[in-house]
Protein chains: 2
Amino acid sequence: MTPGARRALDAASTLFYDRGIHAVGVDLIAAEAGVTKKTLYDRFGSKEQIVVEYLAARDERWQAFLAPYVEAATTARGRILAVFDASRDWAGENSTKGCSMVNAHAEISDPAHPAYQVITGQKAWMLALFTALARDIAPRRAAKLGRTLMLLHEGALVAHGVGIFPDAIDQARDDAAALLRDGSRAAPTAGEKRR
Amino acid sequence: MTPGARRALDAASTLFYDRGIHAVGVDLIAAEAGVTKKTLYDRFGSKEQIVVEYLAARDERWQAFLAPYVEAATTARGRILAVFDASRDWAGENSTKGCSMVNAHAEISDPAHPAYQVITGQKAWMLALFTALARDIAPRRAAKLGRTLMLLHEGALVAHGVGIFPDAIDQARDDAAALLRDGSRAAPTAGEKRR
DNA sequence: GCAAAAGTAAACCGATCTGTCTACTCGCCC
DNA sequence: GGGCGAGTAGACAGATCGGTTTACTTTTGC
């Protein structure tokens with residue numbers, strides 16, 4: 001990626017996240033990056049493509065941010081809680097307005113939009129991660145436990161983003177910790193087959 | 001509200017929710033409602049005001065939809081689970097793209113925007129509801145339990161909206177049920193004071 | 001040392017954006 | 001029956017949208 005493209009993508013990322021995708025025009029991105037529109041279109045081809053690369057790059061950054069947290073943990077339970085720790089630290093600097101994927105999803109209605117699979121892919125990856133980590137704790141309930149952790153985590157990102165109450169991600173971490181403490185011996189067959 | 005204003009607000013609600021606020025122009029709203037732009041501006045004054053009334057009316061509809069569910073429940077635990085039941089039924093018809101408040105929040109950056117307090121007000125109301133219902137089960141842990149239920153509920157709306165996995169709201173209901181079953185006798189002092 | 005790649009500057013395109021305006025019609029109520 | 005509120009039809013405004021183009025300059029790799 002050329003220096004101009006780099007600056008453009010960085011500027012677009014900040015603007016898209018802070019103001020929303022539709023609210024940010026390509027002229028603003030170019031001006032903010034100190035780049036001309038020609039450079040933008042030479043490098044990316046379209047605004048749509050900038051959006052796609054914004055989301056993909058942000059996901060990549062998040063995964064790189066998360067990895068050491070999980071790797072540093074020594075227990076299965078610790079690896080799960082490490083995800084919440086990483087989210088809390090990430091949210092402090094990068095994510096004061098909630099999940100960029102969820103926010104982008106609010107603005108993109110067409111499932112054929114190339115950004116769509118980036119969004120759903122990121123969520124699928126997170127669910128797979130929680131499920132895989134849950135497998136080390138409760139192999140037979142891993143799918144269900146993974147989904148529960150996913151719900152707590154997504155809820156925390158929303159609560160933090162909208163500012164429903166303070167320290168939402170810490171609260172979710174506490175809830176996950178309690179779940180892994182109590183849940184590992186209770187309600188072994190609840191719900192999975194119901195409904 | 002005049003018939004023209006009614007149709008305009010209905011059309012705007014569908015369009016805003018499905019396509020996003022910034023993606024929908026006033027011309028489209030007018031055309032879809034079978035109304036002229038003059039009527040729009042005579043009745044609402046600005047697009048911003050249409051957005052505010054869209055969110056406020058949707059919140060009002062949701063509260064009216066929810067009330068009978070909660071009132072019909074006979075136990076404290078049942079009243080909490082009734083919220084999830086209502087959300088599941090509501091989501092089936094009205095809310096296939098997640099929470100309109102969260103989605104609107106993604107597009108509105110300025111906290112001074114008049115829609116902002118509608119959004120945060122709705123979330124504060126839901127948290128207060130969960131907390132009040134939790135008080136009947138565990139008075140001393142009501143604040144914390146209310147927040148946990150809020151996280152599960154918000155997470156379920158996101159999971160349902162983005163389509164992370166099927167029956168997300170049912171899963172959240174199951175998790176809430178398990179929490180009310182196990183949690184009522186476990187971990188009485190966990191986390192509340194911890195950072 | 002030279003050619004290709006990457007960039008600037010700025011005009012330009014048609015479409016769409018929010019918002020305003022004039023001119024006219026219809027129904028209702030006192 | 002006269003006035004008023006609510007509406008249609010549609011032109012108009014200035015700004016901004018995503019995107020293209022021309023002409024020229026800088027950087028960089030072989």
Side-chain angles (χ1 to χ4, degrees), chain A residues 1-57 103-104 106-110 112-116 118, chain B residues 1-57 103-104 106-110 112-116 118:
Chain A
M1 188 170 294
T2 64
R6 182 74 275 152
R7 271 181 295 144
L9 191 55
D10 287 347
S13 295
T14 305
L15 289 168
F16 283 156
Y17 184 77
D18 288 342
R19 309 192 194 180
I21 292 171
H22 285 310
V24 172
V26 288
D27 297 82
L28 179 60
I29 295 173
E32 205 76 10
V35 144
T36 59
K37 279 208 287 180
K38 181 171 184 303
T39 300
L40 277 193
Y41 280 90
D42 283 349
R43 296 302 118 224
F44 298 99
S46 68
K47 180 187 176 180
E48 195 174 68
Q49 186 58 29
I50 301 179
V51 173
V52 171
E53 299 200 21
Y54 146 62
L55 291 173
N103 289 350
E107 294 202 70
I108 297 174
S109 48
D110 182 14
H113 192 294
Y116 220 83
V118 179
Chain B
M1 188 169 293
T2 64
R6 183 71 276 152
R7 271 180 295 144
L9 190 54
D10 287 347
S13 295
T14 305
L15 290 168
F16 283 155
Y17 184 77
D18 288 342
R19 308 192 194 181
I21 292 171
H22 285 309
V24 172
V26 289
D27 297 84
L28 179 59
I29 296 172
E32 206 76 10
V35 145
T36 58
K37 279 208 288 179
K38 182 169 184 303
T39 300
L40 278 193
Y41 281 91
D42 282 349
R43 293 303 118 225
F44 298 99
S46 69
K47 181 186 176 180
E48 195 174 67
Q49 187 57 30
I50 302 180
V51 173
V52 171
E53 299 200 21
Y54 148 61
L55 292 173
N103 289 350
E107 295 201 69
I108 298 174
S109 47
D110 181 14
H113 192 293
Y116 220 83
V118 179

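Within every chain, numbering begins at 1; the chains are lettered A, B, ... in the order of the sequence lines, protein sequences first and strands thereafter.
- Nucleotide C:dT16 holds its C1' atom 14 Å from the CD1 atom of B:Ile29, rounded to whole Å.
- Candidate nucleotides C:dT18, D:dT20, C:dG7 were compared by shortest atom distance to the side chain of A:Thr39, and C:dG7 ranks first.
- One can place CZ of A:Phe44 at 15 Å from P of D:dG18, the figure rounded to the nearest angstrom.
- Neither OP1 nor OP2 of C:dT18 sits under 4.0 Å from any side-chain N or O of B:Ser46.
- At a threshold of 4.0 angstrom between heavy atoms, the contacts of B:Asp27 include nucleobase atoms, whether or not backbone atoms are also involved.
- In this structure, the separation between OG on A:Ser109 and OH on B:Tyr17 is 12.5 Å, given to the nearest 0.5 Å.
- When the nearest nucleotides of DNA chain D are assigned to A:His22 and A:Asp42 by heavy-atom distance, the more 5′-ward of the two goes with A:His22.
- The neighbour count for B:Arg19 CZ, taken as heavy atoms of other residues, nucleotides or ligands under 6.0 Å away, does not exceed 12.
- Comparing A:Tyr41 and B:Ala33 against DNA chain D, the residue whose closest nucleotide sits nearer the 5' end is B:Ala33.
- When the side-chain nitrogen and oxygen atoms of B:Arg43 are compared with OP1 and OP2 of D:dG5, none of them lie within a distance under 4.0 Å.
- Within the 3.5 Å criterion, the main-chain N or O of B:Ile21 finds a donor-acceptor partner in the side chain of B:Glu107.
- Following rounding to the nearest Å, B:Leu28 (CG) and C:dT18 (C1') show an atom-to-atom distance of 14 Å.
- Across all strands shown, B:Thr2 has heavy atoms under 4.0 Å from sugar-phosphate atoms exclusively, and none from any base.
- The distance between atom CG of B:Leu40 and atom P of D:dA9, rounded to the nearest whole Å, is 14 Å.
- Comparing B:Gly25 and A:Lys37 against DNA chain C, the residue whose closest nucleotide sits nearer the 5' end is A:Lys37.
- Between C:dG19, D:dA23, D:dT8, one nucleotide has an atom nearer to the side chain of A:Lys38 than all others, and that is D:dA23.
- The structure places CD of A:Glu48 at 4.0 Å from NE2 of A:His113, a figure rounded to the nearest 0.5 Å.
- Computed from coordinates, the A:Lys47 NZ to D:dT20 C1' distance equals 17 Å when rounded to whole Å.
- In this structure, of D:dT20, D:dT8, C:dT18, it is D:dT8 that holds the atom nearest to the side chain of B:Arg7.
- Within the 4.5 Å cutoff, the side chain of B:Phe16 has no heavy atoms near those of the B:Leu55 side chain.
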